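This report concerns only the one structure given below.
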Number of protein chains: 2
Amino acid sequence: MKYIEKLRNSGLRPTKQRLQICEVLFDTEKTFHFTINELDQKIKDKINNKISLATIYNTVHAFEKKGYLKQIPVNSNQTYFDTNITDHHHFYNLKDGKLIDLENSDVGPINIKRKIDGKKIKSIEVLVKLED
Amino acid sequence: MKYIEKLRNSGLRPTKQRLQICEVLFDTEKTFHFTINELDQKIKDKINNKISLATIYNTVHAFEKKGYLKQIPVNSNQTYFDTNITDHHHFYNLKDGKLIDLENSDVGPINIKRKIDGKKIKSIEVLVKLED
DNA sequence: CAGTTTTTTAGAACCATTATAAACTGCAAT
DNA sequence: ATTGCAGTTTATAATGGTTCTAAAAAACTG
């Protein structure tokens with residue numbers, strides 16, 4: 001199983017649940033955006049046994065902390081995550097709440113001229129809201 | 001009262017509560033960021049009578065819809081609003097959850113090269129996360 | 001003022017997320 | 001293998017921000 005090493009190297013025990021969640025999240029050609037509920041549904045579809053919601057929350061947060069997932073800053077009642085952890089941005093379709101990846105090359109370099117004392121920049125994220 | 005016209009022109013009846021909320025939001029030198037709970041507290045501090053939480057939510061959403069307030073896309077359990085409705089961006093201090101305005105001139109022009117059919121860009125927002 | 005519509009309000013409801021505490025599992029040491 | 005223990009999972013309860021509800025109050029119109 002290819003995710004066992006990955007998990008071990010992060011200090012996460014390769015449990016059955018984590019491995020199954022890895023399959024759902026990372027065994028795909030394309031990266032994707034999801035909410036916890038959408039992931040829960042995806043897991044139910046792909047896997048026979050069910051995984052407790054609490055475990056899904058725990059695992060997603062653990063993976064985020066390890067850098068295998070990113071949270072997307074959008075105003076919604078649910079939290080959106082992204083399996084695409086490369087530096088990139090998002091279109092946000094206000095009509096249906098869907099996100100579309102915007103590659104860095106589609107935005108061009110962003111140069112933050114102002115500095116905040118004692119702080120360093122962790123990430124720069126651009127959200128482009130779309131309407132009809 | 002200077003906000004009566006503003007409200008009437010937006011199709012909002014100038015009620016006592018709305019006018020008081022206007023005072024708290026717009027009678028300041030500087031613009032500011034707030035959550036509903038922070039606004040509730042500010043209202044309690046400045047005004048004698050109390051305004052129901054439901055009214056505060058209703059009013060803030062009405063003002064946002066009319067363009068007098070903006071929601072700030074940040075991942076938090078609470079929704080952040082901004083009385084600064086000019087085109088601008090934000091630093092987000094991960095340590096304490098505080099926002100700092102980033103003027104457009106501090107970021108430089110952002111050129112979105114990709115287009116989505118049938119959609120137009122409503123806003124472009126940059127969030128710069130800060131860590132120690 | 002009378003009638004109508006909008007707004008406010010307290011409280012209930014909603015629902016995503018987090019906390020709890022008991023059962024279970026992975027794994028290192030024996 | 002077996003044991004012991006820290007790390008995980010689980011169902012369920014709790015939390016807390018936000019929205020809903022329905023009745024009372026206020027604003028507007030004629």
Side-chain angles (χ1 to χ4, degrees), chain A residues 1 3-25 33-44 47-66 68-69 71-81 97, chain B residues 1 3-25 33-44 47-66 68-69 71-81 97:
Chain A
M1 190 65 92
Y3 299 113
I4 292 181
E5 274 308 299
K6 177 174 178 169
L7 290 173
R8 278 230 183 76
N9 292 340
S10 316
L12 298 172
R13 284 191 182 170
T15 64
K16 185 177 60 159
Q17 290 86 345
R18 284 178 178 156
L19 291 170
Q20 290 179 331
I21 293 174
C22 277
E23 283 177 44
V24 174
L25 291 178
H33 310 118
F34 65 94
T35 64
I36 296 290
N37 279 323
E38 288 166 356
L39 177 58
D40 186 33
Q41 196 52 57
K42 241 183 174 121
I43 289 168
K44 286 196 187 101
I47 311 282
N48 294 336
N49 60 32
K50 85 180 284 300
I51 297 180
S52 164
L53 242 196
T55 300
I56 298 177
Y57 274 99
N58 287 342
T59 303
V60 165
H61 287 141
F63 286 3
E64 191 211 353
K65 190 169 292 177
K66 297 301 180 184
Y68 303 144
L69 292 172
Q71 261 193 256
I72 305 171
V74 180
N75 288 121
S76 162
N77 55 331
Q78 286 164 261
T79 304
Y80 280 82
F81 294 90
Chain B
M1 189 68 91
Y3 297 113
I4 291 181
E5 274 308 299
K6 175 173 181 170
L7 289 173
R8 278 232 181 74
N9 292 339
S10 317
L12 297 172
R13 287 185 180 173
T15 63
K16 185 176 62 160
Q17 290 84 347
R18 284 177 179 160
L19 291 170
Q20 290 179 330
I21 293 175
C22 276
E23 285 177 44
V24 174
L25 290 178
H33 311 118
F34 66 91
T35 64
I36 296 290
N37 279 324
E38 288 166 357
L39 177 58
D40 187 35
Q41 197 50 58
K42 241 180 173 123
I43 290 168
K44 287 199 188 99
I47 311 282
N48 293 336
N49 60 33
K50 87 181 281 299
I51 297 179
S52 163
L53 241 197
T55 300
I56 298 177
Y57 273 100
N58 288 341
T59 302
V60 165
H61 286 140
F63 285 4
E64 192 210 353
K65 191 170 291 176
K66 297 300 179 183
Y68 304 144
L69 291 173
Q71 261 191 255
I72 305 171
V74 180
N75 288 121
S76 161
N77 56 329
Q78 286 163 261
T79 305
Y80 279 81
F81 294 90

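Just so you know, these numbers come straight off a predicted model, no measurement behind them. Convention: sequence-line order gives letters A, B, ...; per-chain numbering from 1.
- What separates CD of Q20(A) from P of dT8(D) is a distance of 16 Å, to the nearest Å.
- Picking from dA10(C), dT8(D), dT17(C) the nucleotide with the shortest atom distance to the side chain of A54(B) gives dA10(C).
- Atom CD1 of I4(A) sits about 10.5 Å away from atom OG1 of T15(A), to the nearest 0.5 Å.
- Within 4.0 Å (heavy atoms only), T55(A) reaches at least one base atom of the nucleic acid.
- Contact between the side-chain N/O atoms of T15(A) and the OP1/OP2 oxygens of dG7(D) is not found at any separation under 4.0 Å.
- The CG atom of N77(B) sits 20 Å away from the P atom of dA14(D) (whole-angstrom rounding).
- Across the protein-nucleic acid pair, Q17(B) atom CD and dT8(C) atom P stand 5 Å apart, rounded to whole Å.
- Evaluation of atom-type donor-acceptor distances gives no pair under 3.5 Å for the side chain of R18(B) against the base of dT7(C).
- At whole-Å resolution of the value, NE2 in H61(B) and C1' in dT8(C) are 17 Å apart.
- For K50(A), there are no salt bridge (Lys or Arg N to Asp or Glu O under 4.0 Å) partners at least two apart in sequence or on another chain.
- Going from atom CD1 of I56(A) over to atom P of dT9(D) covers 11 Å, rounded to whole Å.
- Comparing dT8(C), dT7(C), dT17(C) against the side chain of R13(B) picks out dT7(C) as the nearest.
- Each of F81(B) and T59(A) has a nearest nucleotide on DNA chain D; the 5'-most of these lies closest to T59(A).
- Judged by distance alone, with hydrogens and angles left aside, the side-chain atoms of S52(B) form a donor-acceptor pair with the main-chain N or O of A54(B) at under 3.5 Å.
- Between the P atom of dT17(C) and the CZ atom of F34(A) lies a distance of 11 Å, rounded to the nearest Å.
- Among the nucleotides dT18(D), dA27(D), dA16(C), the one closest to the side chain of Y57(A) is dA16(C).
- Both tests do not hold together for K42(A) against F34(A): distance to the six-membered ring centre under 6.0 Å, angle to the ring axis within 45°.
- Residue N37(B) has its side chain nearest to dG17(D) when only dT8(C), dG17(D), dT8(D) are considered.
- Panel note: side chain R18(B), backbone R13(B); a donor-acceptor pair is recorded below 3.5 Å.
- Heavy atoms of T79(A) sit under 4.0 angstrom from primed sugar atoms or phosphate atoms, though from no base atom.
- In this structure, R8(A) reaches the dC27(C) phosphate: one of its side-chain N or O atoms is under 4.0 Å from OP1 or OP2.
- If you measure from atom CD of Q78(A) to atom P of dT17(C), you get 6 Å, rounded to the nearest angstrom.
- The distance from atom CG of L12(B) to atom C1' of dC28(D) is 14 Å, rounded to the nearest whole Å.
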